[in-house]
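Throughout, protein chains are lettered first and strands after them, A, B, ... in sequence-line order, and every chain is numbered starting at 1.
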Amino acid sequence: MNFIEELKWRGLFHQEIPGTEDLLNKGEVVKGYIGFDPTAPSLGIGNMVQIIILKHFQRAGHQPIAVLGGATGMVGDPSGKSDERNLQSLDQLEINKKNVEAQLRHFLDFGAEKNPAILVDNYDFYKDMNVLTFLRDVGKHLTVNYMMAKDSVKSRMETGISYTEFSYQLLQAYDFVQLYKQHNCMLQMGGSDQWGNLISGVELIRRMEGGEVYAVTSPLVTKTDGTKFGKTEKGNVFLSADMTSPYSFYQFWLNVSDEDAEKFIKIFTFLDRPTIEALIEEHRQDPGRRVLQKRLAEEVTVMVHSQEDLETAIKASSILFGKGTKETLQSLPLRDLLSVFEGVPQFNIDKAQLTDSISVIDFLTDVTGVFASKSDVRRAIKGNALSINSEKITNDTETISAADLINDSLVWVQNGKKNNYLVLVG
RNA sequence: GGGGAGAUACCAAAGCGGCCAACUGGGGCAGACUGUAAAUCUGCUGUCUCUGACUUCGUAGGUUCGAAUCCUGCUCUCCCCA
């Protein structure tokens, strides 16, 4: 199966410039690139789609170039944005760049013999360039009329677009020119929202260099319920363990709906077609077992984090959602307990505050602040929703004391099935 | 500038002197069922010293035994005419 066919059955193909497939099937190693702007301290799972496409590209025997948007990140892509964005500070950009670069290195194979991945920072294309040079040598080749016809710009004509963001497509186009000249890069890939920018690059190469290059886009990943992919109530799902704990990351995939699971397992894992089709079949037989979600969550967590992180995440899930009794909690060493509860909101109190036994209501409000009001606590107790150390609180006169601490240092509070809090006593 | 309508809890929207902490819908939270899903059903959704008390219906006063409800000033919003 060739690269384009692979993308197609996985649902990763949107459109191409005619001739792209022929180029890739010649049996030669083709260089293709995708750009990643360092707009956040970490890539999110939306960006992961593009990384995965680069990996498929590499697996198909071609040579992937990951372009770090050191320059484009300074300007800001108007694509898909209804308002002008604030520029990021240069310091922040520097931090973002370091992180994004590390993440790209984590996924792509830079040691491959025949087709090692290449990392390029597009800042290098511009750092020694004069504005006037840019205007004379680059800007002269595309008309404003042409640039304004792009959706990304056109949709902003009402609300306004700065000259800076307007110039973005010219920068991205010139990236392609440089990659074409320096690396003989023949293909640019990206999300479907990037189509306009990719075409600008193709056009610019035709005019400046007389070269014929190609472009492929992938569809926007969507969810069946219409909500935005890659976000939870708590915000974006990031690839960095510091920003989205491996546990939350694992949970995100585990909670995917049945229809989405069939779609996502094709997009986000490298399992081959027979394996995936067998899994889907198995899942349809007995959706309750959620084999798809589990496998998806496992594969992606290992790929992004590690086998070890996956095991911790599974263990955490079984304690948080399973029948973890107080005894099993007591049996775990403190270090593991803390990692199980990583990402769970934590409250710190002083041990002196627990010398006498105090009522659960006071403990959860005045002492720790887990709940905003005492009425809230009473409601939770009435609704049979509140547990402390996995034991249901059924009466609002119950008390808590130092003897109830797990490992002599913490209290686990649950409100309902999904809201966990940890009180650290030190 | 003249005339009219309105301002109620997270949102929408009833209530128009005591039965109002305030109908109903949405949202949110929880419970049941389930698969840590969807759908469905149920409860909750001002605070507290919680079978009761206290503070809330734009804002400041007033009438009344009693006001979200009536009166007055103020602020803001909308509509019509100029």
Quiz item: For A/Phe363, does its backbone N or O pair with a side-chain atom of A/Thr368 as donor and acceptor, under 3.5 Å?
Solution: yes
Self-check item: A/Phe249 backbone acceptor or donor facing A/Thr244 side chain under 3.5 Å
Solution: no
Practice problem: Provide, to the nearest angstrom, the distance between the NZ atom belonging to A/Lys374 and the C1' atom belonging to B/U49. | Solution: 8 Å
Quiz item: Rounded to whole angstroms, how far apart are CG on A/Leu364 and P on B/C29?
Solution: 19 Å
Quiz item: When rounded to the nearest Å, what value does the distance between P atoms of B/A68 and B/G18 take?
Solution: 10 Å
Practice problem: Please state the P separation for the pair B/A30 and B/U36 - nearest whole angstrom. | Solution: 16 Å
Quiz item: Can you give the dot-bracket line for RNA chain B, where a pair is Watson-Crick or G-U wobble with both atom distances under 3.5 Å, crossing pairs use [ ], and | marks a partner on another strand?
Solution: ((((((((.[[[..)..(.....]]]((((((.......))))))(((...)))...[[[[[..)....]]]]]))))))).
Practice problem: Please measure how far the C1' atom in B/A13 lies from the corresponding atom in B/C23, and state the result in whole Å. | Solution: 10 Å
Exercise. Determine the Euclidean distance between corresponding C1' atoms of B/A67 and B/G61; express it in Å to zero decimal places.
Key: 14 Å
Quiz prompt | By side chain to side chain contact (heavy atoms under 4.5 Å, CB included) - contacts of A/Asp37 (at least two apart) | solution = A/Thr39, A/Thr72, A/Tyr168
Quiz item: Is the closest side-chain donor-acceptor distance between A/Ser42 and A/Gln103 under 3.5 Å?
Solution: yes
Quiz item: Among B/U49, B/U47, B/A30, which is the nearest nucleotide to the side chain of A/Asn419?
Solution: B/A30
Quiz item: When every nucleotide of nucleotides 31-42 of chain B is labelled 5' to 3' by its protein contacts under 4.0 Å (heavy atoms), B for base, S for sugar-phosphate only, - for none, what sequence of letters results?
Solution: SS-BBBS-----
Practice problem: Using atom CG of A/Asn420 as one end and atom P of B/A30 as the other, report the distance to the nearest whole Å. | Solution: 11 Å
Practice problem: Scan A/Tyr126, A/Tyr33, A/Tyr180 and name whichever one has a side-chain hydrogen bond (donor to acceptor under 3.5 Å, both in side chains) with A/Asp175. | Solution: A/Tyr126
Practice problem: Would you please name every residue forming a side chain to side chain contact (heavy atoms under 4.5 Å, CB included) with A/Glu101, sequence neighbours left out? | Solution: A/Leu68, A/Arg105, A/Leu119
Table please: side-chain donor-acceptor pairs of residues 351-362 of chain A below 3.5 Å, with sequence neighbours left out.
| residue | atom | partner | partner atom | Å |
| --- | --- | --- | --- | --- |
| A/Lys351 | NZ | A/Asp408 | OD1 | 3.4 |
| A/Lys351 | NZ | A/Asp408 | OD2 | 3.0 |
| A/Gln353 | OE1 | A/Asp350 | N | 3.1 |
| A/Thr355 | OG1 | A/Ala352 | O | 3.0 |
| A/Ser359 | OG | A/Asp362 | N | 3.1 |
| A/Ser359 | OG | A/Asp362 | OD2 | 3.4 |
| A/Asp362 | OD1 | A/Lys374 | NZ | 3.3 |

Quiz item: For atom P, what is the distance between B/U47 and B/A38, given to the nearest Å?
Solution: 27 Å
Quiz item: If the P atom of B/U72 is compared with that of B/G6, how far apart are they to the nearest Å?
Solution: 14 Å
Quiz item: Taking atom P in both B/U77 and B/U8, what distance in whole Å separates the two?
Solution: 14 Å
Quiz prompt | Short side-chain N/O contact from A/Arg379 to OP1 or OP2 of B/U47, under 4.0 Å | solution = yes
Quiz item: For atom C1', what is the distance between B/A60 and B/G43, given to the nearest Å?
Solution: 40 Å
Check residues 48-57 of chain A and write down every donor-acceptor pair under 3.5 Å in which the side-chain atom is one partner and the other belongs to a residue at least two apart or another chain.
| residue | atom | partner | partner atom | Å |
| --- | --- | --- | --- | --- |
| A/Gln50 | NE2 | A/Ser218 | OG | 3.1 |
| A/Lys55 | NZ | A/Phe107 | O | 3.3 |

Quiz item: Distance-only, no hydrogens or angles: does the A/Asp121 side chain make a donor-acceptor pair with backbone N or O of A/Tyr123 under 3.5 Å?
Solution: yes
